[in-house]
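Okay, structure first, notes after.
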Number of protein chains: 2
Amino acid sequence: MARGTLNAAAVVDAAAELCDDCGLSQLTLARLANELGIKPPSLHKHIECLGTLHRELALRGLREANRRMTRAAIGRSGDDALLAVARAYREFASEHPGLYAASLRAPEAKDAEWTRAAAEVVGIAVAVLEAYGLTGNDALHATRAVRAIIHGFVSLEAAGGFGSTLKLEESLDHLVLTFAHGLRADGVSAAAKAARLRKRNS
Amino acid sequence: MARGTLNAAAVVDAAAELCDDCGLSQLTLARLANELGIKPPSLHKHIECLGTLHRELALRGLREANRRMTRAAIGRSGDDALLAVARAYREFASEHPGLYAASLRAPEAKDAEWTRAAAEVVGIAVAVLEAYGLTGNDALHATRAVRAIIHGFVSLEAAGGFGSTLKLEESLDHLVLTFAHGLRADGVSAAAKAARLRKRNS
DNA sequence: CCTTTTGGCTAATGGTATTAGCCAAGCCGC
DNA sequence: GCGGCTTGGCTAATACCATTAGCCAAAAGG
C-alpha cells in the first residue's frame with residue numbers, strides 16, 4: 001500500500017462494501033486489511049477497534065436510510081407518503097444488507113451522535129403520521145407500530161424468513177396500507193377500547 | 001465433573017440459560033465449559049460444534065414459542081386470539097432473550113426438522129387469521145404482515161429500540177388491533193387498490 | 001474379572017482482535 | 001536542500017476463540 005492513500009473514511013468505505021457483499025458477521029479485520037492490501041494491525045492507525053468500526057457502519061447505515069426516506073417523503077402525504085417511506089426503507093435494506101444489519105444495533109445510551117441518528121429515522125415516521133391526526137400517546141403508539149412493521153418486514157426478508165414466491169413489495173404495500181386503513185377508520189380508539197377490554201379479561 | 005452426570009440435553013440446558021443471561025453473542029464454548037465445570041474440548045463429546053449448538057437453541061426457542069402461542073390461542077378467536085398470540089410471543093421473547101435471538105436465525109433449507117419447527121410457528125398465525133375470512137393471496141399477505149408485526153415489535157424491543165416510557169404491552173396491543181381493524185374494515189382490497197395506484201405512479 | 005466404551009483430559013493448530021515497538025516515507029520549518 | 005517530526009506502514013507478541021488428535025482412567029457390561 002502506497003503510504004498516505006488510506007484514511008479512516010476509506011477504511012469504512014471498504015468495510016461497508018465488504019459487509020454488504022459477505023454479511024456483517026463475515027466482516028473481519030483480517031479480511032478488511034487483506035482487501036485494502038495492508039496487514040491487520042495497520043488498521044488500528046485509522047480505526048480504534050472493531051467496535052468503533054461497527055459504530056461507524058451503524059451511523060452510515062442510519063444516515064443513508066434517513067436520506068432515502070426523507071427524499072421519498074418529499075411532496076407526498078398520507079398513505080402516499082407512508083408507502084413511499086416504507087418502500088424506500090425496504091429498498092435500502094435490500095441493496096445494503098450489511099449496512100442495514102449494522103444500523104439495527106441499538107445505539108449506546110451515552111453516544112449522543114449515534115442516538116440522534118437513530119432518532120432521526122424514527123422522526124420521519126412520526127412526521128408522516130401527523131397527517132393521520134394522531135396526538136399524544138396515540139401518535140407515539142402509532143410511531144412504534146410503523147417502526148415495528150417496517151423493521152419486522154425488512155429483517156424477516158433479510159433473514160430469508162418469507163419462503164413463498166409472492167411478490168415481497170406487494171406484501172409490504174398490503175401491510176402498510178392495511179395498517180393505515182385501520183388508523184384512519186378510527187382504529188386507534190377502537191384498538192384502545194379493545195385493549196382495555198382484554199386487560200380486564202386477563 | 002463427575003463422569004456420567006452430563007449429556008447433550010444438559011449442555012443445551014446450560015447454554016440456554018447462559019445465553020438468556022449474557023446474550024447469545026456472549027455464549028462461548030469456553031464460558032459454557034467453565035459453567036459446567038469441564039474443559040472446552042470436552043464439550044465436543046456432547047455437541048458437534050458451536051453451529052450445531054446454535055441450531056439446538058434455535059429449535060428449543062421455536063418449540064417454546066410454539067407451545068406458548070398455541071396455548072394462548074386455545075379457546076379464543078378473532079381479535080381476541082390474535083392479541084393473545086401476539087402477547088404470548090412477546091412474553092417469550094422478553095423472558096428468554098437469548099433463546100429468542102437464537103430462534104430468529106433462518107433455518108437451513110435442507111434441515112427438515114428446523115424448517116418444520118419454524119413453519120409451525122407461522123402456522124399459528126395463519127390459523128388465527130382464518131377467522132378474518134381471508135383467502136388466497138390476501139391470506140398469505142396477511143400472514144406475512146402478522147409475522148412482521150410481531151417480530152418487528154419484539155426484536156426492536158429486545159434491541160432497546162423503543163426509548164420512551166410508554167407501556168410496551170399497550171403499544172403492541174394498539175398495533176395488533178389497529179391492523180386487525182384494518183383487515184376487518186375491508187382493508188385488504190382497499191390496500192390492493194392503493195398499491196395498484198401507487199405502482200402506476202412510480 | 002477383563003474388555004470395551006465413554007467422557008473426561010492435555011497438547012496443538014489455526015483463527016480472531018489487539019498492543020507494543022520498530023522503521024522508513026513524507027512533510028514542514030528553517 | 002536538509003534535519004527533525006509525524007505518520008502509517010510493518011513484525012512480533014499476547015490473549016482470546018473453536019476445534020482436532022490422541023491419551024487415559026472410570027464406568028459399564030459380558
Side-chain angles (χ1 to χ4, degrees), chain A residues 1-61 98-99 101-102 104-106 108 111 114, chain B residues 1-61 98-99 101-102 105 108 111 114:
Chain A
M1 197 68 196
R3 243 185 116 90
T5 65
L6 206 56
N7 55 30
V11 169
V12 180
D13 283 346
E17 198 174 331
L18 205 53
C19 74
D20 275 345
D21 287 347
C22 316
L24 184 59
S25 67
Q26 296 301 307
L27 172 65
T28 157
L29 292 188
R31 279 181 89 149
L32 180 55
N34 185 57
E35 198 70 23
L36 292 166
I38 61 175
K39 303 289 173 181
S42 305
L43 282 173
H44 294 278
K45 300 284 178 173
H46 303 288
I47 56 161
E48 202 178 313
C49 66
L50 187 61
T52 65
L53 179 61
H54 281 150
R55 175 189 178 275
E56 281 327 298
L57 291 173
L59 271 178
R60 191 173 283 220
L99 225 47
L104 291 185
R105 289 250 315 265
E108 281 163 35
D111 188 327
W114 192 357
Chain B
M1 197 69 197
R3 236 185 122 90
T5 66
L6 206 57
N7 56 32
V11 169
V12 180
D13 284 345
E17 198 175 331
L18 204 54
C19 75
D20 275 345
D21 287 348
C22 318
L24 184 61
S25 67
Q26 297 301 309
L27 173 65
T28 153
L29 292 188
R31 280 182 87 150
L32 180 56
N34 185 58
E35 197 72 22
L36 291 167
I38 61 176
K39 302 289 173 182
S42 305
L43 282 173
H44 294 279
K45 299 284 179 173
H46 303 288
I47 57 161
E48 202 177 315
C49 66
L50 187 62
T52 64
L53 179 62
H54 281 151
R55 176 190 177 275
E56 282 326 299
L57 291 173
L59 271 177
R60 193 175 281 222
L99 225 46
R105 290 249 317 265
E108 281 163 34
D111 188 327
W114 192 356

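Below, chains carry the letters A, B, ... as their sequence lines are ordered, and counting in each starts from 1. Quantities reported herein were computed from a predicted structural model and do not represent experimental measurements.
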For residues 11-23 of chain A, tabulate all N or O donor-acceptor pairs below 3.5 Å that involve a side-chain atom, not counting sequence neighbours.
{"unit_1": "A:D13", "atom_1": "OD1", "unit_2": "A:R60", "atom_2": "NH1", "d": "2.5"}
{"unit_1": "A:D13", "atom_1": "OD1", "unit_2": "A:R60", "atom_2": "NH2", "d": "3.1"}
{"unit_1": "A:D20", "atom_1": "OD1", "unit_2": "A:G98", "atom_2": "N", "d": "2.8"}
{"unit_1": "A:D20", "atom_1": "OD1", "unit_2": "A:L99", "atom_2": "N", "d": "3.0"}
{"unit_1": "A:D20", "atom_1": "OD2", "unit_2": "A:H96", "atom_2": "ND1", "d": "2.7"}

Mind listing the side-chain donor-acceptor pairs of residues 30-51 of chain B below 3.5 Å, one per line with the distance, residues two or more places apart or on another chain?
{"unit_1": "B:S42", "atom_1": "OG", "unit_2": "B:K39", "atom_2": "O", "d": "3.4"}
{"unit_1": "B:H44", "atom_1": "ND1", "unit_2": "B:E48", "atom_2": "O", "d": "3.0"}

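Applying the salt bridge (Lys or Arg N to Asp or Glu O under 4.0 Å) test to every pair with at least one member in residues 49-59 of chain A, sequence neighbours left out, gives these pairs: A:R55-A:D111, A:R55-A:E113.
Rounded to an integer number of Å, the gap from B:I38 CD1 to D:dA25 P is 19 Å. In this structure, B:L32 atom CG and D:dA18 atom P are separated by 9 Å, rounded to whole Å. Atom NZ of A:K45 and atom C1' of D:dC10 are 9 Å apart (whole Å). Going from atom NZ of B:K39 over to atom P of D:dC17 covers 13 Å, rounded to whole Å. Taking atom CG of A:N34 as the reference point, atom P of C:dT16 lies 10 Å away to the nearest angstrom. Per the geometry, CG belonging to B:N7 stands 15 Å off C1' belonging to C:dG8, to the nearest Å. If you take CG of B:L43 and P of D:dT19, they are 10 Å apart, rounded to a whole angstrom.
OP1 and OP2 of C:dG7 both lie 4.0 Å or more from every side-chain N or O belonging to B:S42. For the OP1/OP2 pair of D:dA21 and a distance below 4.0 Å, the side-chain nitrogens and oxygens of B:H44 include no atom meeting the criterion.
Interface residues of residues 15-29 of chain B facing DNA chain C, ordered by number: none; criterion, heavy-atom separation under 4.0 Å. Near-neighbour residues of DNA chain C inside residues 47-61 of chain B, defined by a heavy atom below 4.0 Å, are absent.
Applying the side chain to side chain contact (heavy atoms under 4.5 Å, CB included) rule to B:A8 yields no partners; only residues at least two apart in sequence or on another chain are considered. Residues passing the side chain to side chain contact (heavy atoms under 4.5 Å, CB included) test with B:A10, sequence neighbours excluded: B:L6, B:N7.
Taking each heavy atom of A:A58 and A:A102 in turn, the nearest pair found is CB-O, 3.3 Å.
Out of C:dT16, D:dC10, D:dG9, the shortest distance to the side chain of A:P41 is found at D:dC10.
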